[in-house]
*Asks:* 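What follows is a single structure, and I will ask about it in a moment.
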Amino acid sequence: MVGTTRAFLLALVVGIVSGNPVKAPFKLNRRDDGFPYPLDEVDRMYEESLGKYEAYLAKKNASSHGCTLETAVRRKEWHDLSVPQREEYIRAVLCLQSKPPKADTKKYPGAKNRYDDFVLTHETQAMHLHSTPHLFPAHRIYLWAYEKALRQECGYTGYQPYWNWGRTAIEPTKQPIFNGNASSMGGNGLKVKYPGVPTTGFKKPYDIIPADEGGGCVTTGPFANMTVSLGPIGKILTDVPPNPRSDGFAANPRCHRRDVNKYAAAMTAANYTYALIKGANNVDLFQKNMLGMPEKNDWGVHLAGHYTIGGDPGGDFFSSPGDPMFWFHHGMIDRIWMIWQLQDPDKRMNVLPDNPPKNDVIDLQWSADKANTWDLNDSIGGFEGQFCYIYD
Ligand SMILES: *[C@@H]1O[C@H](CO)[C@@H](O)[C@H](O)[C@H]1NC(C)=O
Ligand SMILES: *[C@@H]1O[C@H](CO)[C@@H](O)[C@H](O)[C@H]1NC(C)=O
Ligand SMILES: *[C@@H]1O[C@H](CO)[C@@H](O)[C@H](O)[C@H]1NC(C)=O
Ligand SMILES: *[C@@H]1O[C@H](CO)[C@@H](O)[C@H](O)[C@H]1NC(C)=O
Ligand SMILES: *[C@@H]1O[C@H](CO)[C@@H](O)[C@H](O)[C@H]1NC(C)=O
Ligand SMILES: [Cu+2]
């Protein structure tokens, strides 16, 4: 902060002396009213790399379709939203869950509402979405399409919030996002016995994420009455009733379950994310480490974030977007991909894991228009200019 202020003053002085108008440095728009979450090391690294991003964007101006850091919309951390803003977001999610689906319900009778359309895409397109080159760009367009549905179909006026995992790394169930308040994203599930989550490839005791205090139905918060319909497909909780159809696409109405898990949350502390970004100088390694480092007994922030939510459908690889926290988690994944890129934009903005062919396409069917995979590499001007957002 002090460094930024000094640089700003210096720029101002130089500007006045030279007589040139000075463009104020771009600033993030964070809450600074004494709210209890101070900026962490990843927030600071992000802030310090914005200058490099500005320089990069100035060079590629022509291909940014008019989107700039100043005009880009801001996706905010949940805890940085005011309570009325949180409530507005929640209302939009509930609205999406009350609208009819667009998917073919003869083929997919389990899709009961517009929200389920998105869950269904993740289930039917799981291999496409999670292949090595697609994980980052496909989830980027997937989130963007969801945000667009909330705005266009449910009148939401904000943007998709993200979840800075570090803010819930200790006592996750006590933080406003999970505390079960009407303005939270739902509370923990009731306590049930389950054996924990196996993490293949890890040595004892890291071969399992131990069960915590939840695992049963979520009975508090705005999604307490949510009915989960599709799936399960890759279930973690063995007592979830099986879907009547072997592909998981029939209606299987059941409660929403969670185990807001402190063991998983502990491995999402900001120092893990910081080490991940600093420790990978190519995109393949960055993605690989994000997905888990058995040699370092580190589950990886991707898995650890998913299992901070856990349960059903959150703990189901295929059906996980059925938990409304999914979008927050992948927002943070998208954000740290961006922060990784900003450390060296010239080299990192134009690389994707496993270097897909130039004409590679991502097709999320009823959830989003087809896109060229490479055109999703940049949140400023990507997807033919339709992407124009950054994270605060
Ligand atoms: C960048 O593009 C915008 C419109 O797309 C234009 O107004 C502006 O002059 C351009 N800036 C530079 C430095 O080329
Ligand atoms: C729950 O949210 C309300 C505002 O909607 C706030 O006044 C109250 O302090 C919150 N309670 C907890 C436990 O966070
Ligand atoms: C859930 O349903 C019950 C019974 O219909 C109702 O009293 C309660 O307010 C509902 N809760 C939420 C969060 O919608
Ligand atoms: C992060 O901090 C915790 C607690 O201080 C420590 O146990 C852990 O090893 C650190 N992780 C990394 C990757 O530095
Ligand atoms: C990355 O995206 C930008 C648009 O933001 C595009 O101009 C550029 O060509 C893309 N990179 C590659 C290698 O296709
Ligand atoms: Cu996914």
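For this chain, numbers begin at 1 and follow the sequence in order. None of these values were measured; they are calculated from a predicted model. Only heavy atoms go into these numbers, but all of them, side chains included; no hydrogens, no water, no symmetry mates. Start at 1 and go down the list; that is how both ligands and their atoms are numbered.
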*Asks:* Does any N or O atom in Asn271 lie less than 3.5 angstrom from one in ligand 4, N or O only?
*Replies:*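 Yes: some nitrogen or oxygen of Asn271 is under 3.5 Å from one in ligand 4.
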
*Asks:* My question is simple, although I want it checked carefully: is atom 7 (O) of ligand 4 less than 4.0 angstrom from any protein heavy atom?
*Replies:* no

*Asks:* Do the side chains of Glu153 and Arg114 get close enough for a salt bridge, i.e. N-O under 4.0 angstrom?
*Replies:* yes

*Asks:* Going by distance alone, is a donor N or O of one side chain under 3.5 Å from an acceptor N or O of the other, for Thr132 and Asp354?
*Replies:*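 Their side chains do not contain a donor-acceptor pair, so the 3.5 Å distance test is not met.
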
*Asks:* Salt bridge between Asp378 and Arg348, side-chain N to carboxylate O under 4.0 Å?
*Replies:*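 Salt bridge flag = no for Arg348 with Asp378.
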
*Asks:* Kindly indicate whether the side chain of Arg91, heavy atoms from C-beta on, has any atom under 4.5 Å from the side chain of Cys154.
*Replies:* no

*Asks:* Can you tell whether the side chains of Asp316 and Lys235 come within less than 4.0 Å, N to carboxylate O?
*Replies:*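 Judged by the 4.0 Å cut-off on N to carboxylate O distance, Asp316 and Lys235 do not form a salt bridge.
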
*Asks:* Using a strict threshold of under 4.0 Å (side-chain N to carboxylate O), is an ion pair present between Asp259 and Lys191?
*Replies:*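 Not counted as a salt bridge, because no side-chain N and carboxylate O are separated by less than 4.0 Å.
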
*Asks:* For the Cu ion (ligand 6), state how many protein N, O or S atoms fall inside a distance shorter than 2.8 Å.
*Replies:* 3

*Asks:* Taking atom types as modelled, find out whether Asp363 and His128 have a side-chain donor-acceptor pair closer than 3.5 angstrom.
*Replies:*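 Per modelled atom types, Asp363 and His128 side chains form no pair under 3.5 Å.
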
*Asks:* May I ask you to identify the nearest protein heavy atom to atom 9 (O) of ligand 4, giving residue, atom name and distance to one decimal place in Å?
*Replies:*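 Minimum-distance protein heavy atom for atom 9 (O) of ligand 4 reads Tyr272 OH, 4.0 Å.
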
